[in-house]
**Q** 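Sharing a structure, written as structure tokens. Questions coming.
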2 protein chains.
Amino acid sequence: MTDPDLSRRIRDAGGRVTTARLAVLRCLADADEPLTPDEVLEHLARNSDHVPDRVTIYRAIDWLAVHGLVRRLATVGRAARYEPVEDREAHAHFQCRRCAQTRCLPAPTPPLPPLPPGYAAERIELVIHGLCAACRAGDTP
Amino acid sequence: MTDPDLSRRIRDAGGRVTTARLAVLRCLADADEPLTPDEVLEHLARNSDHVPDRVTIYRAIDWLAVHGLVRRLATVGRAARYEPVEDREAHAHFQCRRCAQTRCLPAPTPPLPPLPPGYAAERIELVIHGLCAACRAGDTP
DNA sequence: GTTAAAAATGCAATAAAATGGCAAAAAGGA
DNA sequence: TCCTTTTTGCCATTTTATTGCATTTTTAAC
Ligand SMILES: [Mn+2]
Ligand SMILES: [Mn+2]
Ligand SMILES: [Zn+2]
Ligand SMILES: [Zn+2]
């Protein structure tokens with residue numbers, strides 16, 4: 001997705017198109033797996049000249065999440081992980097219990113199970129826990 | 001599950017049966033939804049005479065998790081949530097985006113989707129995000 | 001029941017991840 | 001360019017979790 005596209009999505013969501021927001025969204029859109037705020041910061045530190053403050057990253061991600069441009073995933077780790085909301089929707093994720101890598105899977109999300117009365121579902125998430133190829137090839141279990 | 005049963009499970013896992021471990025496991029087994037370490041502490045503070053230190057709770061939960069007696073769930077919230085590993089297995093969970101309540105659902109976990117080569121799955125988790133009945137009945141969306 | 005070794009706990013310090021307040025800076029429209 | 005509003009940077013603080021170490025508890029052997 002091109003920068004003008006991303007800018008447009010931010011503007012359409014009713015916010016100002018700032019360097020930080022654009023860079024964060026760009027970063028998440030370019031990544032092929034969900035990132036933590038700190039990972040976003042590292043990426044920007046490596047590939048950008050102006051590096052936003054850590055707090056700014058948090059706020060940019062928050063804003064993007066609240067306005068539906070990115071999504072926060074359920075994780076077993078301590079840090080939150082985010083991915084862009086794009087065409088490709090409703091896919092499962094793999095989480096390695098050793099290296100904490102979180103990877104998108106081709107598998108679509110299963111159908112909505114029945115809920116207790118009064119409950120309203122908005123999103124379904126399927127998380128597969130296990131060992132990634134690298135960690136399995138490596139040493140300890 | 002009775003206390004002797006729980007003690008036995010701890011001993012069978014190769015650990016010492018301590019007041020703290022037993023109380024924590026008891027607490028999680030009695031709760032009808034997954035709890036955070038702090039919630040466990042609150043429960044024990046209310047229902048127990050000797051209240052273990054917060055760090056002891058963390059260590060007891062860790063030990064129980066490592067030895068397969070409890071399980072840490074994937075969450076969107078900041079605090080981890082744990083539930084006992086019992087007969088009833090492989091069920092989905094509902095997470096309210098407003099009150100952060102996490103509730104067990106009757107729905108079984110869906111079948112394992114295909115994984116990339118070399119990856120090994122160990123557990124599947126299905127998380128339904130939305131609004132619980134109480135929060136939906138309440139005020140703001 | 002005593003005793004000794006090993007394991008677990010309490011307490012204080014520290015770390016990791018995230019949030020809040022506020023003045024300065026940037027964005028966007030007039 | 002100027003003005004208003006939004007966003008940012010910095011610092012302090014909060015929340016959640018972890019580490020180090022002396023003390024206590026557990027358990028098995030006697
Ligand atoms: Mn994904
Ligand atoms: Mn459950
Ligand atoms: Zn891995
Ligand atoms: Zn709720």
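In what follows, every chain begins at residue 1, and chains take the letters A, B, ... in the order their sequences are listed.
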**Q** So, the side chain of A:Arg16 versus the backbone of A:Ile10: is there a donor-acceptor pair under 3.5 Å, distance only?
**A** no

**Q** What does the B/S/- profile of nucleotides 22-30 of chain D look like, 5' to 3', with a 4.0 Å heavy-atom cutoff to protein?
**A** ----BS---

**Q** For A:Ala20, report the nucleic acid contact type (base, sugar-phosphate, nothing); a contact means any heavy atom under 4.0 Å.
**A** sugar-phosphate

**Q** Tell me whether A:Asp5 is salt-bridged to A:Arg9, with the criterion being a basic N under 4.0 Å from an acidic carboxylate O.
**A** no

**Q** Enter the distance from A:Phe94:CZ to B:Leu115:CG here, rounded to the nearest 0.5 Å.
**A** 6.0 Å

**Q** May I ask you to say what B:Ala60 touches in the nucleic acid, namely base, sugar-phosphate or nothing, with a heavy-atom cut-off under 4.0 Å?
**A** nothing

**Q** Hey, which sits more toward the 5' end of DNA chain C by its nearest nucleotide, A:Tyr82 or B:His50?
**A** B:His50

**Q** Examine the side chains of A:His93 and A:Glu83 and answer whether a donor and an acceptor come within less than 3.5 Å of each other.
**A** yes

**Q** For A:Arg103 and B:Tyr119, does a side-chain donor sit closer than 3.5 Å to a side-chain acceptor?
**A** yes

**Q** Please compare B:Arg59 and B:Ala79 by the position of their nearest nucleotide in DNA chain D and report the one closer to 5'.
**A** B:Ala79

**Q** Going by the rule ring pair (Phe, Tyr, Trp, His ring centres under 6.0 Å), which residues pair with B:Tyr82 if we only count those two or more places apart in sequence or in a different chain?
**A** none

**Q** Is it the case that one hydrophobic cluster holds both A:Leu6 and A:Leu44, taking links as side-chain heavy atoms less than 4.5 Å apart, direct or via other members?
**A** yes

**Q** Please test B:His129 against A:Glu125 for side chain to side chain donor-acceptor pair (under 3.5 Å), starting from the C-alpha separation and ending with a verdict.
**A** CA-CA 8 Å; B:His129 303 273; A:Glu125 226 181 319; 2.5 Å; yes

**Q** How many Å lie between CD1 on B:Ile61 and P on C:dA8, as a whole number?
**A** 16 Å

**Q** Does a side-chain N or O from A:Tyr58 land closer than 4.0 Å to OP1 or OP2 of C:dA18, or not?
**A** yes

**Q** Report the distance from atom CG of A:Leu22 to atom C1' of C:dA27, rounded to the nearest whole Å.
**A** 13 Å

**Q** I need the single residue from B:Gln95, B:Glu33, B:Glu39 that forms a side chain to side chain donor-acceptor pair (under 3.5 Å) with B:Arg81. Which is it?
**A** B:Glu39

**Q** Without decimals, in angstroms, what is the distance between B:Arg81 CZ and D:dA17 C1'?
**A** 16 Å

**Q** Rounded to whole Å, how long is the line connecting atom CZ of A:Arg54 with atom P of D:dT13?
**A** 19 Å

**Q** Which of these nucleotides, C:dC11, D:dT8, D:dC10, is closest to any side-chain atom of B:Asp53?
**A** C:dC11

**Q** Output the rounded distance in Å from CZ (A:Arg21) to C1' (D:dT6).
**A** 8 Å

**Q** Give the nucleotide from the list C:dA16, D:dC11, C:dA12 with an atom nearest to the side chain of A:Arg78.
**A** C:dA16

**Q** Under 4.0 Å from any atom of DNA chain C, heavy atoms only: list the residues of residues 23-48 of chain B that qualify, in numerical order.
**A** none

**Q** For the pair made of CD1 in B:Ile57 and P in D:dT16, what is the distance, rounded to whole Å?
**A** 15 Å

